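Here the structure comes first, spelled out in structure tokens, and everything after it is commentary.
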Amino acid sequence: IRLSDIGREPFITTPPGSPYRTLVDAYFQQAGFVPNISYEVNELAMIRKMVELGLGVALFPASAFLRVSKGMGHPPLPHQAPELRAVPITHPLCERETGVYTLRQSALSPAAQDFYDFILRFFSRLQEDLGQLRMLL
């Protein structure tokens, strides 16, 4: 959907000034509307629970949606809402980049190499999971 398609819905997001809120506010601005913010909370898991309860809609990073859906780092949800679905936003493009930089001519310490390998595995699995999520939409 286009973000403007849900512009009149009540939104649940984080408080002003948080990095996530700064990001989604930029998306709202690009979409050309001021959102109707109904709730502001600090945790993405709480935002998801509030959406499950029908209190509003939220912009939720696909990676965080997957993490919370799988219960990674959060207690399992008391109930799963079968009607809760992730819907991709087609406009504006709601993406962000994550990168890891290393010096070309410098060897990594064993700890740095372990971290680098972990990051590559993590994002590789995340890409696979996102592909599966797209098939479910």
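Worth saying up front: this structure is predicted, and the values here are computed from it rather than measured.
Side chains of I47 and Y39 form no contact here, defined as non-hydrogen atoms less than 4.5 Å apart. You'll find the side chain of F118 stays beyond 4.5 Å of the side chain of D114, heavy atoms only. Contact check for P10 versus L55: no side-chain heavy atoms found under the 4.5 Å cut-off.
Atom CD1 of residue I37 and atom CG of residue D25 lie 6.5 Å apart, to the nearest 0.5 angstrom.
The hydrophobic cluster containing V34 does not contain Y27, counting ILVMFWY residues as joined when their side-chain heavy atoms lie under 4.5 angstrom apart, directly or transitively.
Looking at every heavy atom in both residues, I89 comes nearest to C94 through CG2-SG, 3.8 Å. For I6 against I1, the heavy-atom pair with the smallest separation is CG2-CD1, 3.7 Å. The minimum heavy-atom distance between L3 and P92, with the atom names listed, is CB-CD, 3.8 Å. Taking each heavy atom of P35 and F11 in turn, the nearest pair found is CB-CD1, 3.8 Å.
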Do any side-chain atoms of residues 101-113 form donor-acceptor pairs under 3.5 angstrom with protein atoms, and if so which ones, sequence neighbours left out?
residue	atom	partner	partner atom	Å
S109	OG	A112	N	3.1
Q113	NE2	D117	OD1	2.9

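Taking a 6.0 Å sphere around CE of M50, one finds it holds more than 12 heavy atoms contributed by other residues, nucleotides or ligands. At most 12 non-hydrogen atoms from other residues, nucleotides or ligands lie less than 6.0 angstrom from CZ of F115.
Note on residues 10-20: no pairs pass salt bridge (charged side-chain N to carboxylate O under 4.0 Å, His left out), not counting sequence neighbours.
Partners of E40 by salt bridge (charged side-chain N to carboxylate O under 4.0 Å, His left out), not counting sequence neighbours, listed by chain and number: R21.
Checking V24, V41, V57 one by one against T13, the side-chain contact (heavy atoms from CB on, under 4.5 Å) holds for a single residue, V24.
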